[in-house]
Amino acid sequence: MKVLLIGSGGREHALAWKIAQSPLLDEFYAAPGNPGIADHATLVALNVEDHAAVIAFAKEKAIDFVVVGPEAPLVAGLADDLRAAGIATFGPSKAAAQLEGSKGFTKDLCARYDIPTGAYQRFKAAEPARDYVRAQGAPIVIKADGLAAGKGVTVAMTEAEALAAIDECFDGAFGTAGAEVVVEAFLDGEEASFFCLSDGKTALALATAQDHKRVGDGDTGPNTGGMGAYSPAPVMTPAMVERTMKEIIEPTIAGMAKDGNPFSGVFFAGLMITAKGPELIEYNVRFGDPECQVLMMRLKSDLLPILYATATGTLDKVEAEWRDDAALTVVLASKGYPGAYDKNTPIAHIPEASEKAKVFHAGTALKDGELVATGGRVLNVTAFGKTVTEAQARAYALADKVEWENGFCRRDIGWQAVVREKA
Ligand code: AMP
Ligand code: GLY
């Protein structure tokens, strides 16, 4: 099979690493890719926003299958355009990608199909949103409707904070993403992420993970795209996974199909496990970054036929086998992230992968033959172990061998699971 992978992050490096191990793979390209992905695939300098250019390249190389990593091209309809050109593609249509692209869309779907989630209202103007907040009281959650790079959500512990967040959205802090606002009930519980494939009809549960969104140790400081993750999530017991499938995923697949937007791709469900059970916080329509890195470490099966079956409506014919081991990833980021940081700082050394640990590249580039850090989140040191504690020790041992002066990481990724394992 000739495969083209779209994206350039740590998530895509992990996907590339796994796809490259497939005996079904003949030729492998990535656009635009990164220096880590270059170990597995030929990098192509395509502008991914130019769908005609992506299709022209795919035709020229007789690509059989395109895997889209990030959400932006999906929300922009790249998968639709590729499929219209006759190319099998992993990733949802533009219409189905609204599950991530519009929080209001997802909340309305939940309301229509009785999917458990926090009570909510949608607003197009500040004044009625403010009235609603005053009537409901705090704690309460304010969300910009559209894609805001993970920054459009305020969990307001006071009414004043909530009112300020509403003004921020309508004052344009998130551009058009904030032109509509969802105000949502605060859900109390433990968060977990659940990953599940769907070809529009059938579901194939993958695995669970927990991440660390805050930049600082002890889950302090501002939110980030994720400073680390581990899998599985202890709170997601087999019973809780079963309830999530029945109460959340299956009604979503059926509802999306019924509404004329069948969903094909991966559901990344952000869940709150409350006293009532699993409730949906949000959907993403692509693998998590860095959650994908730990999932790929744990996946025993060949990834390529699983993704291809998802794209071609044959998901009922495949299975996914997982290691019993835990996996954990530590994000090395540029000092200053998620605020301003220096670019093009040199990375002097990346240690070799072992059988049980590997460094994935995210925001790196080669400049005059030297490896440099170009992004906020730059490397993902990923390891597995019999326990999260063992995976954590292995990941930090490898992270400490990375030589990059401008980098930093949290030292406590996986702490909740480590505490549980000690108990
Ligand atoms: P989201 O971008 O929707 O994942 O929201 C970012 C984070 O805000 C989530 O990971 C939760 O920690 C928190 N959050 C979002 N919605 C709620 C809610 N209804 N109740 C409590 N916390 C929430
Ligand atoms: N790590 C969170 C995300 O990929 O959205």
Side-chain angles (χ1 to χ4, degrees), residues 7 9-12 14-15 69-72 74-75 97 99-107 110 115-121 133 136 138-157 161-162 165 169 174 177-178 181-195 208-215 219 222-231 233 235 266-276 278-296 329-331 333 338 360 362 376-377 380 382 410 413 416:
R11 162 183 51 212
E12 286 76 26
L15 291 172
E71 62 276 21
L74 295 168
V75 172
L99 279 178
E100 174 160 0
S102 165
K103 298 194 186 288
F105 174 91
T106 301
K107 298 297 283 189
C110 290
I115 295 166
T117 188
Y120 74 104
Q121 292 254 333
V133 162
Q136 300 293 317
I140 195 158
V141 184
I142 313 299
K143 300 183 173 184
D145 182 75
L147 290 183
K151 300 189 180 76
V153 174
T154 302
V155 179
M157 293 324 250
E161 227 183 307
C169 284
F174 309 111
V181 165
V182 172
V183 182
E184 186 181 305
F186 173 79
L187 298 172
D188 199 12
E190 181 166 355
E191 279 189 78
S193 301
F194 179 64
F195 294 85
T208 62
Q210 269 169 321
D211 73 346
H212 295 269
K213 285 194 170 63
R214 304 297 190 111
V215 74
D219 295 319
N223 265 329
T224 70
M227 295 301 291
Y230 57 96
S231 173
V235 68
V266 61
F267 289 115
F268 165 3
L271 305 174
M272 190 70 84
I273 309 305
T274 70
K276 284 195 275 179
E279 298 199 45
L280 184 70
I281 296 178
E282 63 160 359
Y283 273 126
N284 297 305
V285 299
R286 34 81 193 173
F287 285 104
D289 191 345
E291 289 86 344
C292 186
Q293 289 78 317
V294 286
L295 258 50
M296 292 305 113
T329 188
V330 177
V331 171
F360 292 112
R377 294 186 299 160
N380 313 137
T382 312
R410 278 182 59 164
I413 299 303
Q416 305 97 320

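Computed from a predicted model, the values in this text were never measured in an experiment. Every number for a ligand or one of its atoms is a count from 1 in the order of the listing. Residue numbers count from 1 along this sequence.
- Residue contacts with ligand 2 for Arg286 involve side-chain atoms from C-beta outward but no N, CA, C or O (heavy atoms, distance under 4.0 Å).
- Remark: among candidates Gly288, Gly226, Gly225, the nearest residue to atom 2 (C) of ligand 2 is Gly225, based on non-hydrogen atoms.
- Using a 3.5 Å distance cut-off with no hydrogens or angles, the side chains of Gln293 and Thr382 do not pair a donor with an acceptor.
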Audit row: Gln416, Tyr230, side chain to side chain contact (heavy atoms under 4.5 Å, CB included) steps and yes/no: CA-CA 10 Å; Gln416 305 97 320; Tyr230 57 96; 3.6 Å; yes
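- At a 4.0 Å heavy-atom cut-off, ligand 2 touches Glu291 through the side chain alone.
- Distances below 4.0 Å separate heavy atoms of Lys213 from the following atoms of ligand 1: 10 (O).
- Between Thr117 and Thr106 the shortest side-chain heavy-atom distance does not fall below 4.5 Å.
- Residue Asp289 has at least one N or O atom closer than 3.5 Å to an N or O atom of ligand 2.
- Within ligand 1, counting atoms from 1 as listed, the ones closer than 4.0 Å to a heavy atom of Lys103 are 2 (O), 3 (O).
- Of the candidates Val182, Leu187, Ile281, Ile281 brings a heavy atom nearest to atom 15 (C) of ligand 1.
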Give the C-alpha distance, both sets of side-chain angles, the deciding distance and a yes or no for side chain to side chain contact (heavy atoms under 4.5 Å, CB included) between Asp219 and Arg410. CA-CA 9 Å; Asp219 295 319; Arg410 278 182 59 164; 2.9 Å; yes
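- Of all atoms in ligand 1, listed by their number and element, those nearer than 4.0 Å to a heavy atom of Met272 are 21 (C), 22 (N).
- Looking only at side-chain heavy atoms (C-beta outward), Glu71 and Asn284 stay at 4.5 Å or farther from each other.
- Heavy atoms of Ala185 approach ligand 1 to within less than 4.0 angstrom.
- Below 4.0 Å from some heavy atom of Phe268 lie the following atoms of ligand 2, by number and element: 3 (C), 4 (O), 5 (O).
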When you look at Lys276 and Leu187, which way does the side chain to side chain contact (heavy atoms under 4.5 Å, CB included) test go after all the steps? CA-CA 10 Å; Lys276 284 195 275 179; Leu187 298 172; over 6 Å; no
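- Here the closest heavy-atom approach between residue Glu191 and residue Val235 is recorded as O-CG1, 4.4 Å.
- Using a 4.5 Å cut-off on side-chain heavy atoms (C-beta onward), Pro70 and Arg11 make contact.
- Against a heavy-atom cut-off of under 4.0 Å, Lys143 is close to the following atoms of ligand 1: 3 (O), 15 (C), 16 (N).
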